[in-house]
Amino acid sequence: MIIGVPKEIKPSEHRVGITPSTASRLIDENHTVLVQKNSGEGIGASDDEYRRLGVDVVDSPEDIFKNSDMIVKVKEPQESEWKMLGEDQIIFTYLHLAADPKQAKGLIEAKCHAIAYETITDGKGALPLLAPMSEIAGRLAVFEGAYHLKKTCGGPGSLISGVPGVKPAKVIILGGGMVGTNAAQMAIGVGADVTIFDKSIERLRYLNDIFGNSAKVLYSEPLELKNQLLDADLVVGAVLIPGASAPKLIEKSFLSKMKKNSVLVDVAIDQGGCFETSRPTTHQNPIYYEEDVLHYCVANMPGSVPKTASYALNNVTADYISKIAAFGLDALEQDQNLAMGLNVSKGQITHSAVKEALQESAINN
């Protein structure tokens, strides 16, 4: 199979879909790998490094899309990219279609086969290709939140850890999954006052076991959540429903009751965000205010640490890329967990949760 890797074009996105090590593996398996020039510069991988491994380095994205059987990316295709996709061509990347009906329409019209990293499951129902980015995003959420708590960065002027004699920041984490657990680890590590909300009693027991008295774990009941939010300094939105839009856990009307200049970091923004007032931002312009509450809603947070993120991603995507390269779409019939990644095929939405979310979006709009 001919596998193409275009340079990412989303603003401030420096990751690359296939690292040199994955490219080497695919070439050893007798596949052809095309990489657009300068695609690896964000992770310190030069074009010459790819060439030495046998990769064909090409000049333009048009060359990639025209000559490849499968496109491997990191972020969802932008409009100029989905217009280059061909009928029956495979694209393998993060899609997050539930919050992006325009992209969904573009992929439908392309009649391609779009396989999303974020809906592939494993034998336990977990999301193995989303996990490494969730780990990174959860950790970055606390770093960014702590940064923006500073007065000079728009926050209330609080040090997340506090100091002897002055209490630490109160950090509320909504969701105890991979993102929330990693956010909690970081917040606990710097000495914050941490509370985690989740709806799964089993997950709450797990979090209580691993964090003990270092964090409070509470069932996500609306009244208790609102009571806790009243004096929160930093809130991390970390709720995920695979393939579906994120639930809105904080309404706009409630923001006026929260502390002035408190900080909301919405890691669920790729799935529409879990705050009613969330809208996607960029690394260049990451924040805005609603009702005097600071919102940080960067839609590609791991893109700011592309070297760590690209290698962590390839650690989990390489086997799937190899399997699809070897068997094409037959790989989905052989692996039902991989088949869960198919979101669009031959002009149809094929993932039930994605389809439902897009239908709701159409109704609401």
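Between the CE atom in Met133 and the CG atom in Leu140 there is a gap of 10.0 Å [rounded to 0.5 Å]. A distance of 5.5 Å separates CG in Asn261 from OH in Tyr289, rounded to the nearest 0.5 Å. Taken to the nearest 0.5 Å, the CD1 atom of Ile71 stands 10.5 Å off from the OG1 atom of Thr93. The distance from atom SG of Cys274 to atom CG of Leu264, rounded to the nearest 0.5 Å, is 9.0 Å. Taken to the nearest 0.5 Å, the CG atom of Asn182 stands 8.5 Å off from the OG atom of Ser134. Rounding to the nearest 0.5 angstrom, the gap separating the CG atom in Asn315 from the OG1 atom in Thr22 is 7.5 Å.
In terms of heavy-atom proximity, Leu95 sits nearest to Ala114 at CD1-CB, 3.7 Å. The minimum heavy-atom distance linking Ser310 with Ile43 is given by the pair OG-CG2, 3.4 Å. Shown here for Leu342 and Leu332, the closest heavy-atom pair between the two residues is CB-CD2, 3.7 Å. For Tyr296 against His148, the heavy-atom pair with the smallest separation is CD1-CE1, 3.7 Å. Scanning both residues, Tyr50 and Ile18, for their nearest heavy atoms gives OH-O, 2.7 Å. The nearest pair of heavy atoms linking Val298 to Ile269 is O-CG2, 3.6 Å.
Enclosure of atom OH in Tyr147 is not indicated, since only 12 or fewer non-hydrogen atoms of other residues, nucleotides or ligands lie within 6.0 angstrom. Counting heavy-atom neighbours within 6.0 Å of Glu251 CD, excluding the residue itself, gives a total of 12 or less. Counting heavy-atom neighbours within 6.0 Å of Lys248 NZ, excluding the residue itself, gives a total above 12. Atom CZ of Phe327 has 12 or fewer neighbouring heavy atoms from other residues, nucleotides or ligands inside a 6.0 Å radius. Annotation for Gln334: atom CD counts as buried by contact number, over 12 foreign heavy atoms lying within 6.0 Å.
With hydrogens and angles ignored, the 3.5 Å screen pairs a side-chain donor or acceptor of Asp122 with a backbone N or O of Gly125. Checking side-chain atoms of Ser68 against main-chain N and O of Ile64 turns up a donor-acceptor pair under 3.5 Å. Between the side chain of Lys150 and the backbone N or O of Leu159 there is no donor-acceptor pair closer than 3.5 Å. The backbone N or O of Phe197 sits nowhere less than 3.5 Å from a side-chain atom of Ser220 that would complete a donor-acceptor pair. Distance alone, capped at 3.5 Å, is enough to place a donor-acceptor pair between the Asn314 side chain and the Gly17 backbone. The backbone N or O of Ile2 lies less than 3.5 Å from a partner atom in the side chain of Asp69, making a donor-acceptor pair.
Residues Leu234 and Lys170 form no side-chain contact, since every pair of their non-hydrogen atoms from C-beta on lies 4.5 Å or further apart. Here the side chains of Leu127 and Met178 are not in contact, with every heavy-atom distance at 4.5 Å or above. In this structure the side chain of Gln185 reaches within 4.5 angstrom of the side chain of Phe211, judged on heavy atoms. For the pair Leu130/Tyr94, a side-chain contact is recorded, criterion being any heavy-atom separation below 4.5 Å from C-beta on. You'll find the side chain of Leu107 reaches within 4.5 Å of the side chain of Pro77, heavy atoms only. Looking only at side-chain heavy atoms (C-beta outward), Ile321 and Leu26 come within less than 4.5 Å of each other. Annotation: side chain of Ile108 is not in contact with side chain of Gln348 (no heavy-atom distance under 4.5 Å). Leu97 is not listed as a side-chain neighbour of His351, based on a closest heavy-atom distance of 4.5 Å or more.
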>> Run Lys257 and Glu291 through salt bridge (charged side-chain N to carboxylate O under 4.0 Å, His left out) and show every step you take.
In response: CA-CA 9 Å; Lys257 301 176 183 179; Glu291 300 289 340; over 6 Å; no
> Would Glu109 and Lys83 count as a salt bridge (charged side-chain N to carboxylate O under 4.0 Å, His left out) if you check the C-alpha gap in whole Å, the side-chain angles of each, and the deciding distance to 0.1 Å?
Replying inline: CA-CA 9 Å; Glu109 291 176 349; Lys83 287 182 176 179; over 6 Å; no
>> Apply side chain to side chain donor-acceptor pair (under 3.5 Å) to residues Asn343 and Thr119 and explain how you reach the verdict.
In response: CA-CA 8 Å; Asn343 281 202; Thr119 60; 3.1 Å; yes
>> Val57 vs Leu34, test: side-chain contact (heavy atoms from CB on, under 4.5 Å). Steps then yes/no.
In response: CA-CA 6 Å; Val57 177; Leu34 310 179; over 6 Å; no
>> Go through it in stages, so that I can follow the logic: the residues are Gln284 and Ser12, the test is side chain to side chain donor-acceptor pair (under 3.5 Å), and I'd like the CA-CA distance, side-chain angles, deciding distance and then a yes or no.
In response: CA-CA 8 Å; Gln284 292 94 337; Ser12 297; 2.9 Å; yes
>> I'd like to know whether Asp88 forms a salt bridge (charged side-chain N to carboxylate O under 4.0 Å, His left out) with Lys111, so could you lay out the CA-CA distance, the side-chain angles of the two residues, the decisive distance to 0.1 Å, and finally the verdict.
In response: CA-CA 6 Å; Asp88 289 329; Lys111 296 184 179 179; over 6 Å; no
>> Pair Asp28, Arg25 - check salt bridge (charged side-chain N to carboxylate O under 4.0 Å, His left out), show working.
In response: CA-CA 5 Å; Asp28 287 344; Arg25 169 182 172 174; over 6 Å; no
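Follow the hydrophobic side-chain contacts under 4.5 Å out from Val316 and you reach Val179 in the same cluster. By the criterion of side-chain heavy atoms lying less than 4.5 angstrom apart, applied directly or through intervening Ile, Leu, Val, Met, Phe, Trp or Tyr residues, Ile91 is not grouped with Met1; the two fall into different hydrophobic clusters. Hydrophobic clustering (side-chain heavy atoms under 4.5 Å, transitive across Ile, Leu, Val, Met, Phe, Trp, Tyr) keeps Ile173 apart from Leu230. If you chain together hydrophobic residues whose side chains sit under 4.5 Å apart, Leu294 and Ile172 never meet in one group. Hydrophobic clustering (side-chain heavy atoms under 4.5 Å, transitive across Ile, Leu, Val, Met, Phe, Trp, Tyr) groups Val35 together with Tyr311.
Looking only at atom types and distance, the side chain of Gln271 has a donor-acceptor partner in the side chain of His96 under 3.5 Å away. Counting only N and O atoms by type, the side chains of Arg139 and Thr308 include no donor and acceptor under 3.5 Å apart. Residues His113 and Ser345 bring a donor and an acceptor atom of their side chains to less than 3.5 Å of each other. Neither side chain, Ser262 nor Asp233, offers a donor N or O lying under 3.5 Å from an acceptor on the other. In this model, no donor atom of one side chain and acceptor atom of the other lie less than 3.5 Å apart for Ser60 and Gln36.
Between Tyr117 and Phe92, the distance separating the two ring centers is shorter than 6.0 angstrom.
With Glu8 as the fixed residue, the side chain to side chain donor-acceptor pair (under 3.5 Å) test singles out one of His14, Arg15, Lys73, Gln78: Lys73.
Between Asp292 and Lys259 there is no salt bridge, since no side-chain nitrogen of the basic residue lies less than 4.0 Å from a carboxylate oxygen of the acidic one. Checked for salt-bridge contact, Lys10 and Glu76 meet the test: a charged N lies under 4.0 Å from a carboxylate O. Ion pairing between Lys199 and Glu221 fails under the 4.0 Å rule for side-chain N and carboxylate O.
Judged as a side-chain hydrogen bond (donor to acceptor under 3.5 Å, both in side chains), and not counting sequence neighbours, the contacts of Thr121 are Asn337.
Taking the six-membered ring where tryptophan is involved, the planes of His295 and Tyr288 are essentially parallel, since the angle between them stays under 30° and well short of 60°.
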